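These notes concern the structure reproduced below.
Computed from a predicted model, the values in this text were never measured in an experiment. Chain naming here is simple, since letters A, B, ... match the order of the sequence lines and numbering starts at 1 in each.
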Amino acid sequence: MKNLIEKLVSDALAALPPGTLGGAPPPAPAVERSRDTAHGDFACSIAMRLARSLRANPRALAQQIVAALPKNDLIEKTEIAGPGFINFFMAPAAWQAELLRVHAAGRTYGRGVSGAGRRAIVEFVSANPTGPLHVGHGRHAAYGASVANLLEADGWSVHREYYVNDAGRQMDILAASVWLRYLELCGETIRFPANGYRGEYIRPIAAALHGRQGDAFHKPANAVFAGLPPDEPDGGDKDQYIDALIARARELLAAGFRTVFDAGLTKILADIQNDLAEFGVRFDRWYSEQDLGDGRDGGPIDRALQRLRAHGHVFVQEGAVWFRAAAFGDEKDRVVIRANGQKTYFASDIAYHLDKRERGFDLLVTILGADHHGYVARVRAGLAAMGEPPESLQVPMVQFVTLFKGGEKVAMGKREARFVTLRDLRNEVGNDAARLIYVMRSNDQHLDFDLELAKKQSNDNPVYYVQYAHARIASVLKQAAERGLPFDRESGLASLALLADPQEREMMREITRWPEIIQQASEIRAPHMVVHYLRELAAAFHAYYNALPFIVDDGALRNARLALIVAARQVLGNALDILGVSAPESM
RNA sequence: GCCCCGGUAGCUCAGUGGAUAGAGCGGCCGCCUCCUAAGCGGCAGGUCGUCGGUUCGACUCCGGCCCGGGGCGCCA
């Protein structure tokens, strides 16, 4: 509907006498919904915007534009108001036509074409498989899934990906942690390292390993710990200690280290996959970091380094290979291959993003925690240096989540194993409440997640408020059918002209905003806009419900009203679907 | 020190240059012989952190400052 006005304004601008716009390219039409219905349904501020550069009187310019507007029956009238707004008042037929569109399009109503013909990859969560997902990851999952859905709804071809960080030191620490728990099962008494993963979830992994392998990996504790540097509690360095312990594990276990390593990785990754699937968050690919290669095998890291070398953007210093990141907007140069010959995490990052480009994605959306913001300039620099457009990478940041129980903060913290898992949270409040509350706030706003509010069955809880609207509509239709007055869509759609009450006009205004919400929310990756919209649409419905009866004797009026609320139900369902929240038929 | 995010009603937050700054909660006052009261209506509540600038117009853009959170490794 808004795009109709935009089209009319654009046509009017094009139809103005040559020279009126000073030869400049035609500007965007600048049409928006009027906040106050006294100002019509849509307002256009183009005259004021143009007046500056043209040094013209905005109201006079507005006059010219209005005069040039193509005739259209769906516009009841236009008026020029205030400093130069052009206000559009839609004819009832315009709303009716849009309602017909809702009924005809059904599940596809609202879809846009901004991304048509283009491919986007959305990478999100990507938590290290060293333990179960916690409540922070849940926000990433809910946000990323919703953003991906929004992009898809706006015409993009979307690929959802989880980067599995299954190589590197953290995974070695996991393997060592599993092994130590395993040794306990073999009867050894061990002191757990300060930097190990001490969560309870390690024990069943060790137990399963022990069940399969028996004592095959059993080494006496004194052989394991002999000659290691002191751990932190003994005045040593916890990192040096754990690294030495890992080296010892590799030495004692030889090929068995890999078995222990994989036992941890496999179990934890499966748990994460299962958790996310249960949460309704699906991925097209779980991209293994191991697939990036080691920099010498023709894999992505190798290819990235070759590209950088080919463009002359690397140098060697103190035995390490450096990338001239500072020449590409980063604050300093970065090491890609350490003096010990190992790739850095950064090398993996740029290689992975090059790989995404090589796979043909136009838009790379990488969702990260707010603590990773330093990463953006680096990876963009890498892309630029490799000859890829840096602006193809977009990195929405998700701020932290704080759990509350009533007024009390719930303590979290990972290594100490006190954290609340995503699974715990889901079991506590349900997927729907979790999904919606996670994306209710802007992603760059800290989120206070109140467990009690999420479970409350009242207006305070936006989940129930919105779902209740959907269920109520289903209930009305059921009631009508039970009274022998089932909804007759054909009659309803033919009688839409009967809908003239203020609440009905408000309903139509809200329902028809949905395409605009998708377009805008997708553009700025802001699923919270969908939540706000849902509340507003639900509020319009609840007000309508209280103001007027739907199941009336007059068949034409009854079916028209039912057609209206069925349209509302459709849009509520479509919007909930974007967020991965269910749309119940009854509550 | 540098970088990122935030500062809007008592609380939690919308508002990506437009007209009189909004919502939910909380507070107060009302509405169920009638389609689900998990609902609706009304009232009260604001120097949009602060100082300056840009503009026809600034909560929105720019600069300074204050406050809160986070980040600045050949860690992941």
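Comparing atom distances between the His373(A) side chain and each of rG71(B), rC72(B), rA38(B) picks out rG71(B) as nearest. Of the candidate nucleotides rA38(B), rA21(B), rA76(B), rA38(B) has the atom nearest to the side chain of Met587(A). When the nucleotides rU12(B), rC5(B), rA76(B) are ranked by their closest atom to the side chain of Asn128(A), rA76(B) comes out on top. Distance from the side chain of Pro549(A) is smallest for rC35(B) among the nucleotides rC74(B), rC13(B), rC35(B). Taking every side-chain heavy atom of Lys332(A) into account, rC72(B) is the closest of rA14(B), rC72(B), rA19(B). With distances taken from any side-chain atom of Arg169(A) to the nucleotides rC75(B), rC35(B), rG18(B), the minimum falls on rC75(B). Comparing atom distances between the Met48(A) side chain and each of rC75(B), rG18(B), rC74(B) picks out rG18(B) as nearest. With rC74(B), rA19(B), rC35(B) as the candidates, the nucleotide lying closest to the side chain of Gln479(A) is rC35(B). In this structure, the nucleotide among rG18(B), rC74(B), rC40(B) sitting nearest to the side chain of Ala543(A) is rC40(B). For Asp444(A), whose side chain is taken as the heavy atoms from C-beta onward, the closest listed nucleotide among rC74(B), rC40(B), rG6(B) is rG6(B).
A donor-acceptor contact under 3.5 angstrom links the side chains of Gln394(A) and Arg525(A), judged on distance only. In this model, a donor atom of one side chain and an acceptor atom of the other lie less than 3.5 Å apart for Gln467(A) and Asp432(A). Gln170(A) and Tyr197(A) form a side-chain donor-acceptor contact under 3.5 Å, judged by distance and modelled atom types alone. Residues Asp501(A) and Tyr544(A) have side chains that never bring a donor and an acceptor to within less than 3.5 angstrom of each other. No hydrogens or angles considered: nothing links the side chains of Asn559(A) and Ser495(A) as a donor-acceptor pair under 3.5 Å.
OP1 and OP2 of rG69(B) both lie 4.0 Å or more from every side-chain N or O belonging to Gln445(A). Within the 4.0 Å cut-off from OP1 or OP2 of rC56(B), not a single side-chain nitrogen or oxygen of Arg49(A) is found. Note on Tyr465(A): a side-chain N or O is less than 4.0 Å away from OP1 or OP2 of rC40(B). Listed pair Arg35(A) / rA19(B) meets the phosphate criterion, a side-chain N or O lying under 4.0 Å from OP1 or OP2.
Nearer the 5' end of RNA chain B, as judged by each residue's closest nucleotide, is the contact made by Ser442(A), out of Val476(A) and Ser442(A). Residues Lys456(A) and Asp333(A) both approach RNA chain B. Their nearest nucleotides, taken by heavy-atom distance, put Lys456(A) toward the 5′ side.
To the nearest angstrom, C1' of rC32(B) lies 10 Å from CG of Asn546(A). In this entry the distance linking CZ of Arg378(A) with C1' of rC4(B) reads 13 Å, nearest Å. What separates CD of Glu506(A) from C1' of rC40(B) is a distance of 15 Å, to the nearest Å. One atom, CZ of Phe404(A), and another, C1' of rC11(B), lie 11 Å apart when rounded to the nearest Å. With rounding to whole Å, Leu50(A) atom CG is found 15 Å from rG18(B) atom P. The distance from atom OH of Tyr241(A) to atom C1' of rC75(B) is 20 Å, rounded to the nearest whole Å. Rounded to an integer number of Å, the gap from NE2 of His446(A) to C1' of rG7(B) is 11 Å. As rounded to whole Å, 15 Å separates atom P of rC74(B) from atom CG of Asp239(A).
Rounded to the nearest 0.5 Å, atoms CG (Leu453(A)) and CG (Asp448(A)) are 11.0 Å apart. If you take NE2 on His532(A) and CE on Met529(A), they are separated by 9.0 Å, rounding to the nearest 0.5 Å.
A heavy atom closer than 4.0 Å to some atom of RNA chain B occurs in Val335(A), Arg338(A), Ala339(A), these being the qualifying members of residues 335-342 of chain A. Near RNA chain B, meaning a heavy atom under 4.0 Å away, the residues from residues 525-535 of chain A are His528(A), His532(A), Arg535(A).
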Residues Tyr438(A), Tyr143(A); criterion ring-ring contact (aromatic ring centres under 6.0 Å, His included); working and verdict: CA-CA 7 Å; Tyr438(A) 267 138; Tyr143(A) 175 76; over 10 Å; no

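Proximity of a side-chain donor or acceptor of Arg435(A) to a complementary backbone N or O of Gly430(A) within less than 3.5 Å is not detected. The backbone N or O of Glu510(A) sits nowhere less than 3.5 Å from a side-chain atom of Glu536(A) that would complete a donor-acceptor pair. Although no hydrogens or angles enter the test, the distance criterion places no donor-acceptor pair under 3.5 Å between the side chain of Asn443(A) and the main chain of Val398(A). No donor-acceptor pair under 3.5 Å is formed between the side chain of Ser582(A) and the backbone N or O of Pro584(A).
Within 4.0 Å (heavy atoms only), Asp450(A) reaches no atom of the nucleic acid at all. Within the 4.0 angstrom heavy-atom criterion, only backbone atoms of the sugar-phosphate kind lie near His542(A); the bases stay farther away. Within 4.0 Å (heavy atoms only), Tyr545(A) reaches at least one base atom of the nucleic acid. As judged by a 4.0 angstrom heavy-atom cut-off over every strand, Leu548(A) is placed among the base-contacting residues. Using a 4.0 Å heavy-atom distance criterion, Ala377(A) is classed as making no nucleic acid contact.
Taking the C1' atom of each, rG53(B) and rA58(B) are spaced 11 Å apart, rounded to whole Å. On the P atoms, rC4(B) is 43 Å away from rC43(B), given to the nearest whole Å. rA21(B) and rG45(B) have their C1' atoms separated by 14 Å, with the value rounded to a whole Å. rC3(B) and rU8(B) have their C1' atoms separated by 25 Å, with the value rounded to a whole Å. Comparing the same atom, P, in rA9(B) and in rG24(B) gives a spacing of 16 Å after rounding to whole Å. Comparing the C1' positions of rG30(B) and rC48(B) gives an interatomic distance of 32 Å, to the nearest angstrom. For the P atom pair drawn from rG52(B) and rC13(B), the interatomic distance equals 29 Å after rounding to whole Å.
In this pair, Phe315(A) and Trp322(A) present their aromatic rings parallel. The plane angle is below 30°, not in the 30 to 60° band.
On a pure distance criterion of 3.5 Å, a polar donor-acceptor pair joins the side chain of Asn87(A) and the base of rA19(B).
Annotated as anti: rC65(B), whose O4'-C1'-N torsion sits more than 90° from 0.
For the pair Met440(A) and His528(A), the tightest heavy-atom approach, listed with the atom from each and the gap, is O-CB, 3.3 Å.
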Strand RNA chain B as a dot-bracket string - pairs counted if Watson-Crick or G-U with both distances under 3.5 Å, | where the partner lies in another strand: (((((((..((((....[...)))).(((((.......))))).....(((((..]....))))))))))))....

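Arg472(A) forms a cation-pi arrangement with Tyr545(A), by the criterion of a distance under 6.0 Å to the ring centre and an angle within 45° of the ring axis.
Annotation: Lys478(A), atom NZ; neighbour count of heavy atoms from other residues, nucleotides and ligands within 6.0 Å does not exceed 12.
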